[in-house]
Amino acid sequence: MKAVEIKPDIYWVGAIDWAVRDFHGYVTPNGTTYNNYLILDDEITLIDTVKHDFAEIGISNIKSLIDPAKIKNLVVNHIENDHMGALGIFMKHFPDVTIYTTARGKQGMERFFDTSKWNIKTVKTGEELKIGKYTLMFIETPMLHWPDSMMTYVKEAKMLISQDAFGQHMASTARFDDEFAECASHAELEDAVIDYYANILMPFGKLIKSKIKQIQDLKLDIDMIAPDHGVIWRSEPERVIQMYLDMAEGKTNLRVAIIYDTMWHSTEIMTQPIMRGIKDEGVDCKVIKLRATPMSVAIKEFWKSRGLLVGSPTLNNEVFPSIAEFITHLRGLRPTNRIAGAFGSYGWGGGAVKWLYQEFQNMKLDVVEPGIQVQYRPSPEDEEKCYSFGREFAKQVIEYHKKFQ
Ligand code: FEO
């Protein structure tokens with residue numbers, strides 16, 4: 001796909017990655033895009049580069065508009081490899097360019113490249129760069145989601161180039177949210193936003209709230225949000241901002257995610273009466289077998305639910321390995337505003353359920369105790385107990401959910 005004009009003299013010149021399915025361990029069933037933006041002004045300015053593998057496409061897109069040697073300014077909003085990987089190749093085409101980035105961006109850049117001959121200027125929040133009819137304003141967003149991160153606001157275009165924030169891993173011929181909604185649906189797009197937030201931004205809810213407030217306090221007039229992944233928000237940019245605020249404030253669905261794995265189906269059998277008990281209390285429930293589900297999908301389903309039930313058999317006195325992997329992912333994402341419980345089967349010595357409650361405690365999650373354990377195979381009486389456990393868990397989830405209404 002060639003350059004696309006998104007505002008007068010401002011072009012998307014990025015790359016669509018239709019094939020990527022593993023994004024540093026995060027499953028991307030819909031691929032992704034690496035967006036960057038070229039502003040044809042008195043000083044021609046490029047904002048961000050692309051992933052290394054797409055350097056040729058990126059340069060070709062720029063060449064479809066201008067000679068890359070004419071680029072005067074290069075803004076690097078974020079130094080993660082998917083946005084800066086092509087920088088070394090791009091710089092060979094830009095003999096007379098000044099790079100603008102944060103101080104942490106410069107430090108990181110020096111670790112990736114030999115920058116000794118590059119002209120790099122560091123910027124801070126509120127600093128401006130007049131490039132002709134357009135003025136760029138820089139907004140640092142440290143730890144959203146790397147220390148170097150920042151956004152660039154193009155004042156006269158009312159356009160916020162938001163880097164990873166508000167992005168989605170979604171390869172599409174649509175460049176804008178309204179185009180995507182026409183050919184697919186808004187619901188699909190919103191699910192991609194939740195997926196991205198859950199797997200990348202979950203640990204930073206407090207920061208997200210304060211940064212959005214800071215941007216609102218700056219009273220920036222924004223009618224377009226252009227992230228570095230997925231579609232550009234032009235029809236209702238305030239909608240995705242509100243989605244972020246809602247997620248950062250802990251809003252989610254009155255729903256329980258049962259995430260389990262199983263050896264000889266005993267733990268799996270337990271999921272069914274538990275699920276029925278939850279449903280009979282009027283609470284929606286999603287049952288997810290881990291070995292049949294990518295980890296990032298399980299994380300998203302957790303994030304879309306107020307309650308979490310984890311089911312694990314005990315193997316060699318330990319939790320089942322796939323469950324341990326899930327908990328490792330979850331712990332790193334520092335979840336909040338969720339209530340959890342555990343269940344599982346064992347042969348001659350339990351351990352998994354106890355381990356899970358210890359992990360919930362380490363994560364400071366609210367819990368419903370005790371969990372429920374079954375030896376070898378659930379009997380009809382055990383299934384009745386599982387059903388009652390499901391009902392009790394759902395009741396507590398309903399009460400807990402009220403705090404967020
Ligand atoms: Fe899309 Fe943090 O990189």
Side-chain angles (χ1 to χ4, degrees), residues 12-37 46-55 57-58 61 74-90 99-109 111-113 138-152 160-172 175 189 192-205 207-208 211-212 225-233 240 243-244 247-248 295-296 299-300 329 332-334:
W12 174 90
V13 285
I16 305 174
D17 190 345
W18 297 98
V20 67
R21 292 293 179 270
D22 181 341
F23 193 97
H24 60 47
Y26 167 10
V27 171
T28 47
N30 302 308
T32 194
T33 70
Y34 312 107
N35 300 337
N36 63 341
Y37 304 96
L46 180 67
I47 310 217
D48 292 323
T49 72
V50 290
K51 191 178 175 184
H52 181 274
D53 313 10
F54 294 84
I57 290 173
N61 283 347
L74 171 58
V75 176
V76 175
N77 280 323
H78 180 29
I79 63 166
E80 193 166 2
N81 307 48
D82 50 330
H83 306 295
M84 197 190 62
L87 182 62
I89 296 169
F90 273 40
I99 296 175
Y100 293 85
T101 190
T102 60
R104 299 295 288 273
K106 180 171 183 285
Q107 280 172 14
M109 209 177 282
R111 301 291 302 173
F112 285 104
F113 302 102
F138 305 108
I139 304 163
E140 294 166 281
T141 57
M143 292 321 297
L144 290 178
H145 67 121
W146 276 24
D148 55 279
S149 302
M150 71 171 185
M151 300 182 186
T152 300
L160 182 67
I161 298 173
S162 60
Q163 177 246 119
D164 279 331
F166 310 116
Q168 336 89 49
H169 284 311
M170 182 64 76
S172 166
R175 293 277 60 78
L189 198 50
V193 171
I194 295 168
D195 187 39
Y196 195 92
Y197 187 105
N199 280 283
I200 294 178
L201 297 171
M202 193 195 298
F204 309 117
L207 274 172
I208 285 166
K211 188 48 69 176
I212 289 177
I225 295 179
D228 277 2
H229 295 290
V231 299
I232 296 163
W233 303 92
V240 72
M243 277 188 79
Y244 264 52
M247 287 190 281
M295 194 60 64
S296 51
I299 293 289
K300 177 182 72 171
H329 275 261
L333 292 166
R334 303 201 294 275

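The chain is numbered in sequence order, starting from 1. What you are looking at is a predicted structure, and each value in this text was computed from that prediction instead of being measured. First listed ligand is number 1; within each ligand, the first listed atom is number 1.
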Review point. For D82 and H24, what are the C-alpha separation, side-chain angles and deciding distance, and is it a side chain to side chain donor-acceptor pair (under 3.5 Å)?
Key: CA-CA 10 Å; D82 50 330; H24 60 47; over 6 Å; no
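The shortest distance between side-chain heavy atoms of P147 and M143 falls below 4.5 Å. Counting heavy atoms from C-beta outward, H329 and I299 have side chains that approach closer than 4.5 Å.
Taking a cut-off of 2.8 Å, the protein N, O or S atoms nearer than that to atom 1 (Fe) of ligand 1 are D82 OD2, H83 NE2, D164 OD1, H229 NE2.
Aromatic ring centres of H83 and H52 lie farther apart than the 6.0 Å criterion allows.
Using the six-membered ring where Trp is involved, H145 and H78 have ring planes that are perpendicular, over 60° apart on the 30 and 60° scheme.
When each of Y244, Y197, W233 is tested with F166 by the rule ring-ring contact (aromatic ring centres under 6.0 Å, His included), just one qualifies, namely Y244.
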